[in-house]
Amino acid sequence: MPRAGTLIPASFYLRPVAEVARDLLGRHLALGPVVLRITEVEAYGGPADTASHARAGRTPRNAPMWEPGGRAYVYFCYGMHHMLNLVTGPAGRAEAVLIRACEPVAGLEAIEARRGMPARPAQLAGPGKVAQALGVDLAYTGHLLYEPGGLELRTGAPPEGILCGPRVGIDFAAPEDRARPWRFAAAGTAWVSQRKPLG
DNA sequence: CACAGGATCGTT
DNA sequence: ACGATCCTGTGT
């Protein structure tokens with residue numbers, strides 16, 4: 001019984017991206033046998049955010065970002081990693097939240113088989129690891145998260161507290177965008193990035 | 001059609 | 001600190 005809690009409705013996503021990002025902490029991502037509790041995220045803005053894929057305008061890759069919130073935006077990075085984002089806001093805002101780290105709730109066997117190693121805390125910190133654990137790839141870009149079946153966002157235990165800081169891996173962005181504290185992590189869990197801790 | 005680079009990860 | 005590895009966007 002991997003499913004628990006309730007499916008989160010489309011209206012959840014229709015708010016400013018940083019607000020949705022904070023609210024995503026503690027909620028569950030479910031796909032097949034695997035359920036993950038979200039512990040770390042980053043918010044990415046529309047065209048004005050030079051760290052965001054939306055900075056170059058609409059392209060075939062980022063097309064789901066420009067659609068109404070509540071769907072996945074998945075892209076392939078560095079030739080080997082899939083990155084899972086949840087699109088937020090009304091159509092045209094092109095905002096999304098990158099899922100950076102999770103804590104396993106169900107499907108440990110499937111996770112370890114996919115990752116080829118024990119699912120210790122540090123092993124699910126990082127967006128590439130999250131997508132691999134869930135079994136998400138490019139086929140899921142554009143997928144609606146508020147419809148039953150397939151990849152779903154569901155309710156879960158809220159975090160004890162929220163830590164925030166600057167986003168990771170965006171050295172190419174403008175200084176004001178690099179400084180933006182749009183990385184959020186749940187307090188009180190080991191299932192977050194170890195190398196660049198928040199707090 | 002060719003090319004440079006990337007919201008990373010695991011090992012050295 | 002570096003290499004893996006390929007999709008994507010841009011330019012010719």
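Residue numbering restarts at 1 for every chain, and letters A, B, ... go by the order of the sequence lines.
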Looking across every strand, which nucleic acid part, if any, lies under 4.0 Å from A:L98 by heavy atom: base, sugar-phosphate, or nothing?
base
When rounded to whole Å, the CE to P distance for the pair A:M83 and C:dT8 reads 13 Å
Would you say CD of A:E109 has more than 12 non-hydrogen atoms from neighbouring residues, nucleotides or ligands within 6.0 angstrom? no
In whole angstroms, the gap separating C1' of B:dA7 from NZ of A:K129 amounts to 15 Å
Distance between P atoms of B:dA2 and C:dT5 (Å, rounded): 22 Å
A:R61 has its side chain closest, among B:dC9, C:dG9, C:dC7, to C:dG9
Separation of C:dC7 atom P from A:N62 atom CG, nearest Å, is 18 Å
query = Is A:F172 touching bases, backbone alone, or none of the nucleic acid, heavy atoms closer than 4.0 Å?
reply = sugar-phosphate
To the nearest angstrom, the CG-C1' distance between A:D137 and C:dC7 comes to 13 Å
- Identify whether a stacking contact exists between A:Y44 and B:dA7, where the ring centres must be under 5.5 Å apart and the planes under 30° apart. yes
Check whether any side-chain N or O of A:H81 sits under 4.0 Å from OP1 or OP2 of B:dC9, and answer yes or no. no
| query | Between A:D49 and A:R167, is the closest basic N to carboxylate O distance under 4.0 Å? | reply | yes
Taking every heavy atom of A:G89 against every heavy atom of A:L14, the minimum-distance pair comes out as O-CD2, 3.4 Å
Next on the checklist: Does A:R71 qualify as a cation-pi partner of A:Y73, given the criterion of NZ or CZ under 6.0 Å from the six-membered ring centre and within 45 degrees of its axis?
Outcome noted: no
Need one value for A:A173: base, sugar-phosphate or nothing, where a base atom within 4.0 Å counts as base even if backbone is also close, heavy atoms only.
nothing
Per ring pair (Phe, Tyr, Trp, His ring centres under 6.0 Å), A:H82 is matched among A:F76, A:Y75, A:Y140 by A:F76
Separation of B:dT8 atom C1' from A:D171 atom CG, nearest Å, is 13 Å
Out of B:dT8, C:dT8, B:dG10, minimum distance to the side chain of A:V168 belongs to B:dT8
Tell me whether A:Y78 is stacked on the nucleobase of B:dT8, counting only the six-membered base ring and applying the 5.5 Å and 30° thresholds.
yes
A:Q132 CD to B:dG10 C1', in whole Å, measures 12 Å
Check your understanding: How far apart are the C-alpha atoms of A:L84 and A:L29, what are their side-chain angles, what is the distance that settles it, and do they pass the side-chain contact (heavy atoms from CB on, under 4.5 Å) test?
Key -> CA-CA 11 Å; A:L84 171 61; A:L29 285 165; 3.9 Å; yes
Next on the checklist: Please tell me whether A:L98 and A:M80 are part of a single hydrophobic cluster in this structure, the criterion being side-chain heavy atoms less than 4.5 Å apart.
Outcome noted: no
Where DNA chain C forms runs of at least three Watson-Crick or G-U pairs (i with j, i+1 with j-1, under 3.5 Å), the stems are B:1-6 with C:6-11, B:8-11 with C:1-4
One should read off an interatomic distance between A:L25 CG and A:E40 CD, to the nearest 0.5 angstrom, of 9.0 Å
Comparing A:P127 with A:F76, nearest DNA chain B nucleotide closer to 5' gives the residue A:F76
Checking B:dA7, B:dG10, C:dC7 against the side chain of A:Y73 (C-beta onward), the nearest is B:dA7
Whole-Å distance, A:L84 CG to B:dT8 P, equals 14 Å
Taking 4.0 Å as the cut-off, does a side-chain nitrogen or oxygen of A:R115 come that near to OP1 or OP2 on B:dG10?
yes
When rounded to whole Å, the CG to P distance for the pair A:L124 and B:dT8 reads 16 Å
